[in-house]
Amino acid sequence: MTLANTCDVAIIGGGTAGCAAAVHLRRAGMQVILVERDRCGGGASGVNFGGVRTQGRNPVELPLAIRSRAIWSTLNELLGEDVEFDATGHLKLARSPADMAELEAYALLAREAGLDLTLIGPNAIRAEVPWLGAAVVGASLAPNDGQANPRLVAPAYARLARRLGVDIREQTSVTAARRTEHGFEIDAASATITSRLLINTAGMGAAAIARLFGEEVPLEAMMPNMVVTEPVPYIATRSIGVCGGDIYIRQIPRGNVIFGGGRGGGDWMDWRSRSSTETTLTNIPKLVDIVPAFRDALIIRSWSGIDGLTPDKLPVIGPSMTTPGLLHAFGFCGSGFQLGPVIGEILAELALKGGSSSPLDAFRIDRFTQPGLAAATA
Amino acid sequence: MTLPGPPANVRRTRVVIIGAGPAGVTAAATLARHGVTPIVIDEAAKPGGQIYRQPPDGAARPPREIYGFDAAKATRIHGLFKDLQSAAKIDYRSQTLVWNITRNEQRFRLDLLHNGVQATLDADKIILATGAVDRALPFPGWVLPGVFTLGAAQIALKSQGVAIGRRVALIGAGPLLPLLVNQYLAVGIKPVAALDVAPFIAKLRAFGGLAAQPATLLKGAYYTARAAALGCAITSNVRSIRALGDSRVTGLAYATADGKTHEIACDGIAASFGLRSESQLADLAGCRFEFDNASRQWQPLRDRVGRSSVSGVYIAGDGAAIGGADVAELAGEQAALALLDDGGTPTSVERRHTLDRALRRQSRFRRALESAYPFPAHLVANIPDGLIICRCEGITAGQLRDSIARRHPTDVNRLKAFSRLGMGRCQGRMCGHVGAELLAAHAGCGIVEAGRLRAQPPIKPIPLTSALATEVSS
């Protein structure tokens, strides 16, 4: 079979952002080729915690997260299958008076950005969330946040993209990419793909792609530490985070408890990641302090994955500063799952119209090499 | 002639043997003989593995009653281990689960669970002697209470002297079936049915190869003949089986090769279809695997003497490839000698050659055994949609087929991600291979392309409370 190697838009990286961008671009009539090193959704998009969370984000991310949350409500219809999105709400817990003060301050900032949070004080928390342990002194509730099955979302986008006519090439590594007079040439396996535009959504591999075009991003590999228990009676009806971010917990209606926090280990150069026993054993007492009823559960599995972490813990989203026609979206610092759907829309807007309706200044790629910019967005 | 002693650095090397079945015991004895004191970790309370499992204190019975023909071997293995223990030649950690292995530079870190408490252990070299588990295959009614595997039925008998029912049907595709029939007969229980899903003709064809181990062949023939003489003839070439009952097993329906269907009343069924290597620790240690067509399973790669693809990790016994207890004994010694050799400790070349020859003879026998008891593909090919494949997660064949058709998983790990197959307590130990068979059949890929489930720690469930107690490191 001979594949046509010419397209309007080439996308490197089949995570949620890349696959969603492919869907929207194809719907706008573009010819799209998406190249994925392994399998679509097999990387950070597929092995993350599954939190669909606006609460706790840097306020500059909130406009994107709020817009993405609206897409989540319609995602099943968009994708034509159930991705197990459940709007359970998200509780961010305070374990000290200082934590509570932090939640109060954040709630004010969030309100300005359009996110309404409900503060639950020390007295109300026992009555309203009786399954929380005594260590919890208060919380902030984001009622519209929730959770979904990360294993299903990006592959569902990829299948939709394929049905629409996107040429998805899995297990295909990009060895080189360059700007030409009219666009780009991308060497992927034995083919050279020619495109007018190029989108870089290659996750931890994206920094190397950016470097090909003279753009340096100090991306650090970030391996989360995820653990799941056997099913136990369903009581944690809301997704849980904490001030400090050292642990996050959710339970699915079938009973399994998923908890993460801290780092796993591995070697991203080989794309290998594993959970860390130390981290898991550190997280367990925290889990049991927060939800004492989980104490007698058994752990059945643990895993990790590889995401890119930037120095300011914000992603890179937007056009290249060196190369016209090149767009980036990567470095989601462990919190990209919720954003994936909107990133696909934004990349399509940027590709089709040259601009986005969402504010992207904070995510400029040159902020790491232009100190003035970094200060302005910090 | 005096051989030079091992260099000092070898003596300080920490060797950990995981498993105290025949392979683990002979590996430990071999190391001890060469001045190395291994740590032997085993999940059971007493050494012997599954094959030479010992009854708990207070339930002792004569070895002849428990192990039959193999009583002498069992007694020898138990005695060998006891001697090592009393001479302080080994550091034995019973009732300890190794639930994870990670490589750290040139060493290994083992995560352990003992007495409900977490511990860690560093090792320079590891001998994996992790044994095997029944290969379960789903059939209608297999999740009913009262249905066991042959191995489980045998453990109940050896360990506690307990039968799985009063009217027991035994179903198999391997040498374990005639053995268990005889073990039941020996304790005075006549199984109401003994069914072999392998065709008799396959056994005849394999006869030449089986003759490579005449004693073992005779033993098998004796078991089969004795079962028949005592009125429990083994029916070969059984085409389909179905456990009957609503809330528990009340009967068994099966079809024979002549097309006839039979129905019998029973209150216990034990069924399994050969054995499967317990290789998750090899996987976590980073060992490479290959698919073995004859036994239709993935096995960790190893060289002729038991070196895995990871330097410092050796594999012996059924945990590497199903070979039975006699092979495990030889392979355990051989792996220990290879380990010593690699560390610069002189070992007997002659002994290594003897082991090599014996194991080659055994491997001819094993190949013949595999053709005598081929993988019962006919049982997997026609699994009805309503049948539960992954019993931890309650995933049916129909759900898997639907997931394959709609979501196009490219391998069994992808099928797991999409369908939850193998995501429960057993982590796919019981269902992963069946998922791969279904995927191969319905996605049109080969069984090799369908792949194997990657191991993820813990290899068996560990309690959260184990991290609430004090952590012990050594």
Side-chain angles (χ1 to χ4, degrees), chain A residues 38-42 46-47 80-81 84 149-152 154-156 158-159 162 170-171 226-232 252 254-257 259 264-267 270 272 274-289 291-292 294-304, chain B residues 99-104 109-113 116-121 280 283-286 392-395 402-403 406-411 413-420 422-429 453-471 473:
Chain A
D38 192 3
R39 296 285 178 190
C40 288
V47 295
E81 59 185 279
E84 299 174 18
N149 186 338
R151 297 186 303 275
L152 303 182
R159 279 190 296 278
R162 261 203 179 118
E170 295 185 304
Q171 296 192 305
M226 300 294 171
V227 177
V228 62
T229 72
E230 63 180 337
V232 292
I252 57 174
R254 65 193 314 285
N256 304 77
V257 178
F259 63 99
D267 180 359
D270 284 344
R272 283 191 302 107
R274 275 269 281 274
S275 63
S276 146
T277 299
E278 269 92 8
T279 306
T280 299
L281 298 183
T282 304
N283 289 347
I284 288 170
K286 295 178 188 174
L287 166 74
V288 174
D289 278 350
V291 191
F294 292 158
R295 181 188 163 89
D296 292 321
L298 301 175
I299 291 173
I300 57 174
R301 185 172 61 253
S302 64
W303 69 96
S304 186
Chain B
W99 61 266
N100 189 18
I101 296 180
T102 37
R103 245 191 303 176
N104 188 1
R109 175 203 157 115
L110 280 55
D111 293 312
L112 315 178
L113 180 70
V117 179
Q118 291 291 332
T120 66
L121 186 67
Q280 308 99 298
D283 195 357
L284 291 175
C392 300
E393 294 291 317
I395 311 293
D402 183 58
S403 189
R406 290 195 301 113
R407 294 185 158 142
H408 317 301
T410 39
D411 82 315
N413 290 292
R414 226 26 197 176
L415 178 61
K416 169 183 169 178
F418 295 159
S419 70
R420 306 195 67 86
M423 282 202 164
R425 285 180 180 87
C426 93
Q427 286 297 293
R429 287 165 69 230
L453 288 180
R454 282 185 295 269
Q456 290 170 300
I459 64 162
K460 288 178 186 171
I462 55 169
L464 289 174
T465 50
S466 66
L468 302 177
T470 318
E471 193 180 340
S473 290

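Per chain, numbering begins at 1; letters A, B, ... match sequence-line order. Every heavy atom of this structure was used, including side-chain atoms; hydrogens, water molecules and symmetry mates were not.
- Residue B/His408 holds its NE2 atom at 7.0 Å from CZ of A/Arg159, rounded to the nearest 0.5 Å.
- Under the 4.5 Å side-chain criterion, counting only non-hydrogen atoms from C-beta, B/Leu468 is in contact with A/Val288.
- In summary, of the residues considered (A/Val227, A/Ile284, A/Asp296), a side-chain contact (heavy atoms from CB on, under 4.5 Å) with B/Leu464 occurs for A/Ile284 alone.
- Counting heavy-atom neighbours within 6.0 Å of B/Arg407 CZ, excluding the residue itself, gives a total above 12.
- Contact of the A/Arg151 side chain with the B/Met423 side chain is registered, since non-hydrogen atoms from C-beta on lie closer than 4.5 Å.
- With a threshold of 4.5 angstrom between heavy atoms, B/Arg414 approaches chain A through side-chain atoms but not through N, CA, C or O.
- Residue contact with chain B, scored on non-hydrogen atoms closer than 4.5 Å, involves the side chain of A/Ser275 exclusively.
- The main-chain N or O of A/Ile300 is never found under 3.5 Å from a side-chain atom of B/Arg425 such that the two would form a donor-acceptor pair.
- Listed options A/Ala297, A/Pro285, A/Ala156 were ranked by heavy-atom pairs under 4.5 angstrom with chain B; first place goes to A/Ala297.
- Comparing B/Cys392, B/Pro463, B/Ala417, B/Pro461 by heavy-atom pairs within less than 4.5 Å of chain A, the highest count is held by B/Ala417.
- Taking the side chain as every heavy atom from C-beta outward, B/Arg109 and A/Thr277 approach each other to under 4.5 Å.
- Scored by the salt bridge (charged side-chain N to carboxylate O under 4.0 Å, His left out) test, B/Arg406 finds B/Asp402 as partners (sequence neighbours excluded).
- Only the side chain of B/Arg420 comes within less than 4.5 Å of a heavy atom in chain A; its backbone stays farther off.
- Interface remark: B/Ile459 contributes no atoms to any contact with chain A (heavy atom separation under 4.5 Å).
- The contact between A/Ile299 and chain B is made by backbone and side chain atoms together, counting heavy-atom distances below 4.5 Å.
- Among the candidates A/Arg301, A/Arg295, A/Glu230, A/Arg254, the residue making the largest number of heavy-atom pairs closer than 4.5 Å to chain B is A/Arg301.
- Between A/Arg274 and B/Pro457, some side-chain heavy-atom pair lies under the 4.5 Å cut-off.
- Only the side chain of A/Asn256 comes within contact range of chain B, with heavy atoms under 4.5 Å apart.
- Closest heavy-atom contact between B/Ala467 and A/Leu281: CB-CD2, 3.7 Å.
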